[in-house]
Structure formats: C-alpha cells, structure tokens
Amino acid sequence: MRSMDPDTAPRISVAEWLDSNVESPDQRKVMETFLRLSCYAADPRQLSLALTIKQLRLSAGGVLYVHGGWQTMIDLLTQAAISVGVEVETSATVTQVESPAVLAIPPQEVEALLGRPIERPPAIRMACLDLGLTRLPEGAAHFALSADEPMYLSVQSQWAKIAHNGSTVHVAQYRRTGDSVERADLEAFADIVMPGWREQVLTSR
C-alpha cells in the first residue's frame with residue numbers, strides 16, 4: 001500500500017480497498033494492526049485510502065522519542081519563540097482569535113472563541129494506561145501489538161530517557177465507534193505481555 005501514489009489512489013476508504021485486495025482474513029488482521037499503529041485509528045471504514053498512504057510514508061522513518069518527555073519540546077519552543085521577539089503569556093484569558101492561528105484546544109473551546117460551529121471530523125480515541133514500574137519483570141516484552149484486539153504496549157523508557165530510574169510502560173487500546181473499555185482490559189493485556197508487572201508498580205494512571 002505504501003508504494004501506491006496517493007494522488008492517483010481511488011477516493012475510497014481503507015476498508016473498501018482491503019475488501020477488494022486482501023482475501024486472507026489473517027493477512028487482513030495483520031495489515032489492520034499495522035495501519036492502527038501508523039494512523040492511530042482503529043476503524044478502516046473511517047480512513048481515506050489516499051490520506052492513509054501519505055501517513056504510511058510519513059511513518060516509514062520510525063518514531064522519534066523525546067528525552068525528558070513532551071515538556072522538553074514545550075521548553076525548547078518557548079525559548080525559540082522568545083529569542084525572536086515573541087511575547088509568551090501563560091494563564092491568560094483569550095477572548096478573541098485573529099486568523100491565521102493555531103489552536104491546540106478542544107473543538108468546543110474553538111467554537112466558543114469563534115462564536116460559530118466548526119466542521120468536526122470523526123474523533124480518533126484511545127484508552128490509555130501509563131505504568132511507572134520499579135523495574136521491568138524478567139522476560140517481559142518491550143513492545144507488543146494484538147492482531148485480534150486493537151491493543152498496544154510499549155516500554156517507552158527502553159528508547160527514551162525518563163525522569164526516574166525505573167521503567168515507563170504505555171498500554172493502549174485503539175477505540176472504535178461503540179467500543180467500551182475498562183481499565184481491567186488494559187491491565188489484562190499487560191499481564192500477557194509482561195507477567196509480574198503488578199508487583200513492580202510505583203505509579204499508574
């Protein structure tokens with residue numbers, strides 16, 4: 001799929017393309033698993049084939065892990081902005097927005113600022129469980145995906161420097177429309193991938 005030209009790809013969903021091009025149920029499961037990983041979306045019926053091809057190409061280079069977490073990026077962006085004369089205000093009330101602007105806030109807050117409704121694409125949702133462990137249990141996997149369920153686990157501290165000396169683990173379920181998820185579902189997947197993690201928990205959220 002990645003080798004296809006997104007500009008000439010049919011204007012169909014990923015699900016429609018899979019229906020026409022993948023006969024094996026197992027092969028389709030594997031493809032959908034890696035599509036979830038690349039696009040963060042669990043429902044191929046909601047994915048445009050052309051846009052998915054573009055996203056697959058972007059993800060081909062792998063993941064950039066940020067040492068120290070997202071705050072590192074915020075601090076560097078703030079420093080860069082100040083260095084070119086930008087005035088940074090925090091905890092300020094915004095009552096008006098002039099175009100162009102980048103608003104990293106929920107859609108309902110954008111609508112409140114603009115005083116009008118905006119077009120909302122289908123939401124992409126994930127259920128997430130973050131675990132801070134004293135150490136990784138012996139024999140635990142550092143990364144896992146489920147082809148049967150839209151589940152994901154990654155030991156982020158394996159690749160990124162973190163604040164404490166233990167292990168930071170991210171467990172997630174890619175949500176489909178109508179899905180319900182319980183914390184117990186995420187914990188059960190962690191039980192499979194890294195048995196014994198419960199005895200090592202420092203913190204969880």
Over all atoms of both residues, closest heavy-atom pair of Ile118 and Pro107: CD1-O, 4.1 Å
Pairwise distance CG(Leu58) to SG(Cys39) - rounded to 0.5 angstrom: 9.5 Å
No-hydrogen, no-angle side-chain donor-acceptor test under 3.5 Å, Gln71 and Asp75: yes
Nearest-0.5 Å distance, CZ of residue Phe34 to OG of residue Ser59: 11.0 Å
Side-chain heavy atoms of Val201 within contact of Thr134, under 4.5 Å: no
Between Thr168 and Gln156: side-chain donor-acceptor atoms closer than 3.5 Å: no
In one Ile/Leu/Val/Met/Phe/Trp/Tyr side-chain cluster, 4.5 Å: Leu114, Ile105: yes
Minimal non-hydrogen separation, Arg36 against Ser146, with atom names: NH2-O, 2.9 Å
Spacing of CG belonging to Leu51 relative to CG belonging to Leu47, to within rounding of 0.5 Å: 9.0 Å
Residues Ser204, Arg183; criterion side-chain hydrogen bond (donor to acceptor under 3.5 Å, both in side chains); working and verdict: CA-CA 11 Å; Ser204 65; Arg183 180 183 176 121; 2.7 Å; yes
His142 and Trp159 aromatic ring geometry - parallel, tilted or perpendicular at 30°/60° bounds: perpendicular
Check: Thr52/Gln55 side-chain N/O donor and acceptor closer than 3.5 Å: no
Over 12 foreign heavy atoms within 6.0 Å of CD, Glu138: no
Nearest heavy-atom neighbours spanning Ser157 and Ser167: OG-CA, 3.2 Å
Check: Gln200 and Arg198 side chains under 4.5 Å, non-hydrogen atoms: no
Among Gln173, Met194, Glu149, Met151, the one residue meeting side-chain contact (heavy atoms from CB on, under 4.5 Å) with Phe189: Met151
Where Ala140 and Leu136 come nearest, the two heavy atoms and their spacing: CB-CG, 3.8 Å
Point-to-point distance, once rounded to the nearest 0.5 Å, from CG of Leu18 to NZ of Lys29: 14.0 Å
Side-chain (Ser38) to main-chain (Leu35) donor-acceptor, under 3.5 angstrom: no
Side chain to side chain, Tyr174 and Asp43, heavy atoms closer than 4.5 Å: no
Side-chain donor-acceptor pairs under 3.5 Å in residues 120-131, sequence neighbours left out?
unit_1 : atom_1 : unit_2 : atom_2 : d
Arg120 : NE     : Glu111 : OE2    : 3.4
Arg120 : NH2    : Glu111 : OE1    : 2.7
Asp130 : OD1    : His170 : ND1    : 2.6
Asp130 : OD2    : Arg205 : NE     : 3.2

Pro137 vs Glu199 side-chain heavy atoms within contact, under 4.5 Å: no
Shortest non-hydrogen separation from Ala141 to Val155 and the atoms involved: O-CG2, 3.7 Å
same_hphob_cluster(Leu145, Val171) at 4.5 Å side-chain heavy-atom cutoff: no
Crowding at OH, Tyr65 (>12 non-hydrogen neighbours, <6.0 Å): yes
CD-CD distance between Glu182 and Glu187, expressed to the nearest 0.5 angstrom: 11.0 Å
Considering all heavy atoms, the nearest Asp7-Asp5 contact: N-OD1, 2.9 Å
Non-hydrogen side-chain atoms of Val169 and Trp197 separated by less than 4.5 Å: no
Heavy-atom check, side chain of Leu153 versus side chain of Phe143, under 4.5 Å: no
Side-chain donor-acceptor pair present, Arg28, Thr33, cut-off under 3.5 Å: no
Pro10 and Leu49, any side-chain heavy atoms less than 4.5 Å apart: yes
Contact check, side chains of Thr93 and Thr95, non-hydrogen atoms, under 4.5 Å: yes
His67 (side chain) donor-acceptor with Ala160 (main chain) under 3.5 angstrom: no
Shared hydrophobic cluster for Ile53 and Val22 (ILVMFWY, side-chain gaps under 4.5 Å): yes
Leu56 reachable from Val30 in the ILVMFWY side-chain graph, under 4.5 Å edges: no
Test item: Ser20 side-chain N/O and Trp17 main-chain N/O as donor-acceptor pair under 3.5 Å: no
Co-membership, hydrophobic cluster, residues Val110 and Leu113, 4.5 Å side-chain: yes
